Amino acid sequence: METVAVIDFETTGLSPGQGDRATEIAAVILKDGEIIGRYQSLMNTGAWVPAFIESLTGITNEMLRSAPPASLVMQEVADFVGDYPLVAHNASFDSKFWDAEMARIDRTRRQEFVCSLLLSRRIFPKAPSHKLSALIEYANLPVAGRYHRALADAEMAASLLQRLAHELREQHKVNTVSVDLLSRIQRAPKSQLTKCIAHARAV
DNA sequence: TGCCAGGCCCTCTTTAGGGCCTT
(Lines give C-alpha, C1' and ligand atoms only; values in the text may rest on other atoms or scores of the structure.)
Protein backbone atom coordinates (compact mmCIF):
# COMPACT_ATOMS: atom_id res chain seq x y z
CA MET A 1 0.00 0.00 0.00
CA GLU A 2 1.15 3.54 -0.68
CA THR A 3 2.33 5.69 2.20
CA VAL A 4 -0.63 7.25 4.03
CA ALA A 5 -1.18 9.64 6.94
CA VAL A 6 -3.59 8.43 9.62
CA ILE A 7 -5.06 11.33 11.57
CA ASP A 8 -7.29 11.86 14.58
CA PHE A 9 -8.87 14.97 16.06
CA GLU A 10 -10.08 15.65 19.56
CA THR A 11 -12.62 18.47 19.56
CA THR A 12 -15.04 20.41 21.73
CA GLY A 13 -18.03 18.67 20.12
CA LEU A 14 -19.40 17.00 17.05
CA SER A 15 -19.92 19.76 14.53
CA PRO A 16 -17.71 22.58 13.30
CA GLY A 17 -20.86 23.96 11.69
CA GLN A 18 -22.25 24.48 15.19
CA GLY A 19 -19.13 26.26 16.40
CA ASP A 20 -17.16 23.28 17.67
CA ARG A 21 -13.37 23.49 17.37
CA ALA A 22 -10.42 21.14 17.46
CA THR A 23 -8.50 20.72 20.71
CA GLU A 24 -5.86 18.20 19.62
CA ILE A 25 -4.58 16.65 16.40
CA ALA A 26 -2.33 13.70 15.75
CA ALA A 27 -1.02 12.28 12.50
CA VAL A 28 1.09 9.19 11.94
CA ILE A 29 2.81 8.36 8.67
CA LEU A 30 2.34 4.71 7.72
CA LYS A 31 4.82 3.35 5.19
CA ASP A 32 5.36 -0.29 4.27
CA GLY A 33 3.43 -1.41 7.33
CA GLU A 34 5.41 0.70 9.77
CA ILE A 35 4.82 4.02 11.45
CA ILE A 36 7.77 6.16 10.33
CA GLY A 37 6.63 9.52 11.66
CA ARG A 38 4.41 10.97 14.38
CA TYR A 39 2.95 14.43 14.94
CA GLN A 40 0.82 15.36 17.95
CA SER A 41 -0.19 18.66 19.46
CA LEU A 42 -2.86 20.25 21.58
CA MET A 43 -4.15 23.45 20.03
CA ASN A 44 -5.62 26.60 21.48
CA THR A 45 -8.58 27.99 19.56
CA GLY A 46 -10.06 29.95 22.45
CA ALA A 47 -13.11 27.67 22.38
CA TRP A 48 -14.52 26.40 25.68
CA VAL A 49 -14.33 22.65 26.34
CA PRO A 50 -17.53 21.33 27.98
CA ALA A 51 -17.09 19.31 31.17
CA PHE A 52 -18.33 16.17 29.45
CA ILE A 53 -15.62 16.46 26.81
CA GLU A 54 -12.96 17.21 29.44
CA SER A 55 -13.96 13.99 31.14
CA LEU A 56 -14.10 12.01 27.88
CA THR A 57 -10.72 13.07 26.53
CA GLY A 58 -8.81 14.22 29.60
CA ILE A 59 -8.08 17.46 27.70
CA THR A 60 -8.98 20.35 29.98
CA ASN A 61 -9.49 24.06 29.43
CA GLU A 62 -6.45 24.64 31.63
CA MET A 63 -4.28 22.42 29.40
CA LEU A 64 -5.38 24.35 26.31
CA ARG A 65 -4.59 27.77 27.77
CA SER A 66 -0.87 27.08 27.38
CA ALA A 67 -1.22 25.16 24.07
CA PRO A 68 0.11 26.64 20.81
CA PRO A 69 -2.39 28.52 18.62
CA ALA A 70 -4.48 26.39 16.27
CA SER A 71 -3.20 28.30 13.23
CA LEU A 72 0.38 27.28 13.98
CA VAL A 73 -0.54 23.66 14.72
CA MET A 74 -2.60 23.28 11.56
CA GLN A 75 0.22 24.74 9.43
CA GLU A 76 2.61 22.25 10.99
CA VAL A 77 0.38 19.21 10.61
CA ALA A 78 -0.57 20.12 7.03
CA ASP A 79 3.12 20.34 6.16
CA PHE A 80 3.77 17.11 8.05
CA VAL A 81 1.23 15.03 6.08
CA GLY A 82 1.93 16.77 2.75
CA ASP A 83 0.00 15.15 -0.08
CA TYR A 84 -0.25 11.70 1.47
CA PRO A 85 -3.76 10.25 1.37
CA LEU A 86 -5.47 10.78 4.74
CA VAL A 87 -7.05 8.01 6.78
CA ALA A 88 -9.34 8.38 9.80
CA HIS A 89 -11.80 6.28 11.77
CA ASN A 90 -15.18 7.72 10.76
CA ALA A 91 -13.54 10.05 8.28
CA SER A 92 -16.75 12.01 7.75
CA PHE A 93 -16.11 13.47 11.23
CA ASP A 94 -12.37 14.16 10.93
CA SER A 95 -12.63 15.48 7.38
CA LYS A 96 -15.19 18.09 8.50
CA PHE A 97 -12.83 19.38 11.19
CA TRP A 98 -9.76 19.09 8.94
CA ASP A 99 -11.42 21.18 6.23
CA ALA A 100 -12.84 23.70 8.71
CA GLU A 101 -9.53 24.26 10.53
CA MET A 102 -7.62 24.39 7.21
CA ALA A 103 -10.06 26.98 5.85
CA ARG A 104 -9.18 29.21 8.81
CA ILE A 105 -5.55 29.28 7.67
CA ASP A 106 -6.49 29.64 3.99
CA ARG A 107 -5.32 26.18 3.03
CA THR A 108 -7.24 23.59 1.04
CA ARG A 109 -7.06 19.83 1.21
CA ARG A 110 -5.86 18.24 -2.01
CA GLN A 111 -5.98 14.56 -1.07
CA GLU A 112 -8.87 12.20 -0.37
CA PHE A 113 -9.86 10.60 2.92
CA VAL A 114 -10.03 6.85 3.48
CA CYS A 115 -12.36 5.72 6.29
CA SER A 116 -11.36 2.78 8.47
CA LEU A 117 -14.90 2.62 9.89
CA LEU A 118 -16.52 2.10 6.49
CA LEU A 119 -13.81 -0.41 5.54
CA SER A 120 -14.31 -2.30 8.81
CA ARG A 121 -18.03 -2.60 8.20
CA ARG A 122 -17.28 -4.29 4.89
CA ILE A 123 -14.20 -6.35 5.77
CA PHE A 124 -15.23 -7.26 9.35
CA PRO A 125 -19.02 -7.49 8.90
CA LYS A 126 -19.31 -9.83 11.89
CA ALA A 127 -17.57 -7.55 14.40
CA PRO A 128 -19.99 -6.88 17.27
CA SER A 129 -19.33 -3.15 16.95
CA HIS A 130 -17.35 -0.97 14.57
CA LYS A 131 -16.25 1.67 17.06
CA LEU A 132 -12.47 1.91 17.23
CA SER A 133 -12.07 0.39 20.71
CA ALA A 134 -14.28 -2.59 19.85
CA LEU A 135 -12.40 -3.26 16.61
CA ILE A 136 -9.03 -3.12 18.39
CA GLU A 137 -10.29 -5.79 20.78
CA TYR A 138 -12.00 -7.81 18.01
CA ALA A 139 -8.82 -7.88 15.90
CA ASN A 140 -6.64 -8.48 18.96
CA LEU A 141 -4.54 -5.40 18.28
CA PRO A 142 -2.50 -3.61 20.96
CA VAL A 143 -4.01 -0.68 22.84
CA ALA A 144 -1.64 2.20 22.07
CA GLY A 145 -2.61 4.43 24.98
CA ARG A 146 -5.64 6.23 26.35
CA TYR A 147 -8.66 6.15 24.04
CA HIS A 148 -9.87 9.59 23.01
CA ARG A 149 -6.38 11.02 22.93
CA ALA A 150 -5.35 11.89 19.39
CA LEU A 151 -2.01 10.10 19.11
CA ALA A 152 -3.22 6.85 20.68
CA ASP A 153 -6.34 6.79 18.50
CA ALA A 154 -4.33 7.61 15.34
CA GLU A 155 -1.85 4.83 16.08
CA MET A 156 -4.67 2.34 16.72
CA ALA A 157 -6.47 3.39 13.54
CA ALA A 158 -3.17 2.83 11.71
CA SER A 159 -2.79 -0.68 13.10
CA LEU A 160 -6.44 -1.36 12.25
CA LEU A 161 -5.84 -0.20 8.67
CA GLN A 162 -2.90 -2.58 8.38
CA ARG A 163 -5.04 -5.42 9.68
CA LEU A 164 -7.76 -4.61 7.15
CA ALA A 165 -5.20 -4.66 4.34
CA HIS A 166 -3.85 -7.95 5.69
CA GLU A 167 -7.37 -9.38 5.69
CA LEU A 168 -7.86 -8.37 2.06
CA ARG A 169 -4.62 -10.09 1.09
CA GLU A 170 -5.02 -13.25 3.18
CA GLN A 171 -8.77 -13.90 3.26
CA HIS A 172 -9.80 -12.33 -0.03
CA LYS A 173 -6.62 -13.15 -1.97
CA VAL A 174 -6.14 -9.59 -3.18
CA ASN A 175 -2.62 -9.26 -4.53
CA THR A 176 -2.16 -5.52 -4.26
CA VAL A 177 -3.94 -3.38 -1.69
CA SER A 178 -3.89 0.21 -2.89
CA VAL A 179 -5.48 3.38 -1.56
CA ASP A 180 -7.59 3.44 -4.71
CA LEU A 181 -8.91 -0.06 -3.95
CA LEU A 182 -9.69 0.89 -0.33
CA SER A 183 -11.50 3.96 -1.60
CA ARG A 184 -13.58 1.85 -3.94
CA ILE A 185 -14.34 -0.78 -1.28
CA GLN A 186 -15.53 1.81 1.24
CA ARG A 187 -17.90 3.29 -1.34
CA ALA A 188 -19.14 -0.02 -2.75
CA PRO A 189 -22.74 -0.96 -2.01
CA LYS A 190 -22.97 -4.29 -0.19
CA SER A 191 -24.44 -5.88 -3.30
CA GLN A 192 -21.33 -5.00 -5.32
CA LEU A 193 -18.68 -5.62 -2.67
CA THR A 194 -17.88 -9.17 -3.80
CA LYS A 195 -17.55 -7.98 -7.37
CA CYS A 196 -15.33 -5.09 -6.29
CA ILE A 197 -12.97 -7.39 -4.38
CA ALA A 198 -13.00 -10.04 -7.11
CA HIS A 199 -11.94 -7.42 -9.62
CA ALA A 200 -9.08 -6.36 -7.34
CA ARG A 201 -8.03 -9.99 -6.91
CA ALA A 202 -7.54 -10.30 -10.64
CA VAL A 203 -5.31 -7.21 -10.86
C1' DT B 1 -40.70 30.57 14.71
C1' DG B 2 -38.14 26.92 16.29
C1' DC B 3 -34.83 23.92 15.64
C1' DC B 4 -29.99 22.85 15.57
C1' DA B 5 -24.50 17.11 13.14
C1' DG B 6 -24.45 14.34 9.47
C1' DG B 7 -23.13 10.39 6.63
C1' DC B 8 -23.77 5.51 6.39
C1' DC B 9 -26.66 1.53 6.54
C1' DC B 10 -30.37 -1.67 7.78
C1' DT B 11 -35.23 -2.76 7.43
C1' DC B 12 -41.13 -4.11 9.55
C1' DT B 13 -37.87 0.63 3.09
C1' DT B 14 -37.85 3.64 -1.18
C1' DT B 15 -44.06 8.77 -0.09
C1' DA B 16 -39.27 6.54 6.33
C1' DG B 17 -37.37 5.79 10.61
C1' DG B 18 -33.85 4.83 13.57
C1' DG B 19 -29.20 2.98 15.14
C1' DC B 20 -24.22 3.52 14.65
C1' DC B 21 -20.07 6.32 14.92
C1' DT B 22 -17.11 10.43 15.61
C1' DT B 23 -16.26 14.47 20.18
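By convention in this document, chain letters (A, B, ...) are assigned in the order of the sequence lines, proteins followed by strands, and residues within each chain are numbered from 1. Predicted model only: the values in this text are computed from it and were never measured.
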*Length of the line joining A:Asn90:CG and B:dG19:P, which is rounded to integer Å*: 18 Å
*Rounded to the Å, how far apart are A:Ile136 CD1 and B:dC21 P?*
14 Å
*How far, in whole Å, is B:dC9 from B:dC4 if one measures between their C1' atoms?*
23 Å
_Contact under 4.0 Å: A:Ser129 side-chain N or O vs B:dC21 OP1/OP2_ = yes
*Roughly, in whole Å, what's the span from CG in A:Asp99 to P in B:dG6?*
14 Å
*Side chain of A:Leu118 - closest among B:dC21, B:dC9, B:dC4*: B:dC9
*asked:* If hydrophobic clusters are built from ILVMFWY residues whose side chains come within less than 4.5 Å, do A:Phe113 and A:Val4 share one?
replied: no
*B:dT1 and B:dC20: how far apart are their C1' atoms, nearest whole angstrom?*
32 Å
*asked:* In whole Å, I'd like the distance from the NZ atom of A:Lys126 to the C1' atom of B:dC20.
replied: 20 Å
_Euclidean distance for P, B:dT13 against B:dG17 (whole angstrom)_ = 12 Å
*Considering only atom P, compute the distance from B:dC12 to B:dG18 and round it to an integer number of Å.*
14 Å
_Under-4.0 Å side-chain N/O to phosphate OP1/OP2 contact, A:Arg121 with B:dC10_ = no
*Within this structure, what is the CG-to-P distance between A:Asp8 and B:dT22, rounded to whole angstrom?*
9 Å
*Relative to the ring of A:Tyr138, is the ring of A:Phe124 parallel (under 30°), tilted (30 to 60°) or perpendicular (over 60°)?*
perpendicular
*Please step through side chain to side chain contact (heavy atoms under 4.5 Å, CB included) for the pair A:Thr12 and A:Ile53, ending with a clear verdict.*
CA-CA 6 Å; A:Thr12 63; A:Ile53 303 290; 5.6 Å; no
*Check the pair A:Arg107, A:Asp79 against salt bridge (Lys or Arg N to Asp or Glu O under 4.0 Å), reporting the backbone distance first and the verdict last.*
CA-CA 11 Å; A:Arg107 291 183 67 154; A:Asp79 291 340; 3.0 Å; yes
_Measuring only the P atom in each nucleotide, how far is B:dG2 from B:dG7? A whole number of Å is fine._
27 Å
*Once you round it to whole Å, what is the distance between C1' of B:dT23 and CD1 of A:Ile53?*
4 Å
*Return no unless some side-chain N or O of A:His148 is found under 4.0 Å from OP1 or OP2 of B:dT23.*
yes
*Full working for side chain to side chain donor-acceptor pair (under 3.5 Å) between A:Arg187 and A:Ser183*: CA-CA 6 Å; A:Arg187 290 195 313 262; A:Ser183 184; 2.8 Å; yes
*Provide, to the nearest angstrom, the distance between the CG atom belonging to A:Asp20 and the P atom belonging to B:dA5.*
10 Å
*Output the single nucleotide from B:dT23, B:dC21, B:dC9 whose closest atom is nearest the side chain of A:Leu14.*
B:dT23
